[in-house]
Amino acid sequence: MDKIVYRRSLAFWKALGSLMFVVICLFLLLLIFIDEDISALQIFFFITSAIIGIPFFGSYLVVCLSRTLRKEPFLFIFDEHSISDGIRTVPWSAITKVEFEGASIRKWLRPRFPAFIFYLNDRSTWEVSTDYVLNDMELNQAGKQLRTLINQYGKPKKKRS
């Protein structure tokens, strides 16, 4: 079986960066109670920053820690019959195409991580998040490799008469 892998060290450093921002947000909240000469405007900005920062960076901290602590650092594992993300396995013949969708912000400032979206024959989709653990070059290579594999294994061979 072949794999599309990510660098565990990259996930670790991104988790560490997210942890740093969560700690800064918690420090801002602590500063409200410690500092006696703090203005009402500063209190407002500190609380607002913490309310936005903790869920935003905290969710990414959880995602990167889970990527760091996995046994094997792969996004996909595949052979000539199917592809899997470790949770769901889909046969190549069930996939019509794959696209990459970049990051965005959803309702309530929840981040939507970049993902590969597989379109299946039954008109459903299968989404596999990359969680920013691949750089641009690795994303492009993975996208090309996935499209090549779909063309190679996914489409039924036409019989010549």
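When reading the values below, keep in mind they use all heavy atoms of this one structure, side chains included, and skip hydrogens, waters and symmetry mates. Model, not experiment: these values are computed from the prediction.
Here the side chains of R147 and V98 are in contact, with some heavy-atom distance below 4.5 Å. Q145 has its side chain within reach of F78: a pair of non-hydrogen atoms, C-beta onward, lies under 4.5 Å apart. The closest side-chain heavy-atom distance from E72 to K3 is below 4.5 Å. With contacts defined as side-chain heavy-atom distances shorter than 4.5 Å, the pair L26/I54 qualifies. At a threshold of 4.5 Å between non-hydrogen side-chain atoms, the residues I95 and I83 count as touching. In this structure, the side chains of I47 and L29 come closer than 4.5 Å at one or more pairs of heavy atoms. The side-chain heavy atoms of L10 and R67, taken from C-beta on, include no pair separated by under 4.5 Å. Under the 4.5 Å side-chain criterion, counting only non-hydrogen atoms from C-beta, D85 is not in contact with L75.
Both I43 and L28 belong to a single network of hydrophobic side chains, linked directly or stepwise wherever heavy atoms of I, L, V, M, F, W or Y lie under 4.5 Å apart. A continuous path of ILVMFWY side-chain contacts below 4.5 Å connects L146 to L120, so both sit in one hydrophobic cluster. Transitive grouping of hydrophobic side chains (ILVMFWY, heavy atoms separated by less than 4.5 Å) keeps I51 and L30 in distinct clusters. V90 and L149 fall within a single hydrophobic cluster, where Ile, Leu, Val, Met, Phe, Trp and Tyr are joined by side-chain heavy atoms under 4.5 Å apart, directly or via other members. One hydrophobic cluster, built from ILVMFWY side chains closer than 4.5 Å, cannot hold both L65 and I24; they sit in different ones.
Between the side chain of S82 and the backbone N or O of P91 there is no donor-acceptor pair closer than 3.5 Å. With N121 contributing its side chain and S93 its backbone, the two residues share a donor-acceptor pair below 3.5 Å. Here the side chain of T148 pairs a donor or acceptor atom with the backbone of K144 at under 3.5 angstrom.
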Problem set entry | Candidate pair R8 and W13, rule side-chain contact (heavy atoms from CB on, under 4.5 Å), full reasoning | CA-CA 9 Å; R8 187 174 276 147; W13 287 109; over 6 Å; no
Exercise. Take V128 and F118 through the side-chain contact (heavy atoms from CB on, under 4.5 Å) test and state the conclusion after the steps.
Key: CA-CA 8 Å; V128 180; F118 293 86; 4.2 Å; yes
task: Using the side-chain contact (heavy atoms from CB on, under 4.5 Å) rule, take F113 and E127 through it: C-alpha gap first, then chi angles, then the decisive distance, then the call.
output: CA-CA 11 Å; F113 300 121; E127 187 174 316; over 6 Å; no
* Residues L61, K14; criterion side-chain contact (heavy atoms from CB on, under 4.5 Å); working and verdict -> CA-CA 8 Å; L61 171 64; K14 288 187 175 198; over 6 Å; no
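The heavy-atom pair separating Q42 from D37 by the smallest distance is OE1-O, 4.2 Å. Of all heavy-atom pairs spanning L134 and E138, the tightest one is CA-OE1, 3.4 Å. Closest approach of L139 and F116 over heavy atoms only: O-CZ, 3.9 Å. Taking both residues in full, the closest heavy atoms of S18 and F57 are given as CB-O, 3.6 Å, listed atom of the first, atom of the second, then distance. Closest approach of A142 to I4, counting heavy atoms only: CB-CG2, 4.0 Å. The minimum heavy-atom distance between F100 and P114, with the atom names listed, is CZ-CB, 3.4 Å.
Between atom CH2 of residue W126 and atom CD1 of residue I87 there is a gap of 9.5 Å, rounded to the nearest 0.5 Å. To the nearest 0.5 Å, atoms CZ (F76) and OG (S84) are separated by 9.5 Å.
Ring pair W92/Y153 is tilted by interplanar angle, where 30° to 60° counts as tilted.
Heavy atoms from other residues, nucleotides or ligands lying under 6.0 Å from CZ of R88 number more than 12. More than 12 heavy atoms of other shown residues, nucleotides or ligands fall within 6.0 angstrom of atom CG in D122.
With no hydrogens or angles considered, a side-chain donor-acceptor pair links Y119 and E99 at under 3.5 Å.
A ring-centre distance under 6.0 Å is found for Y132 and Y60. Taking the six-membered ring for Trp and the full ring otherwise, F27 and F21 have centroids separated by 6.0 Å or more.
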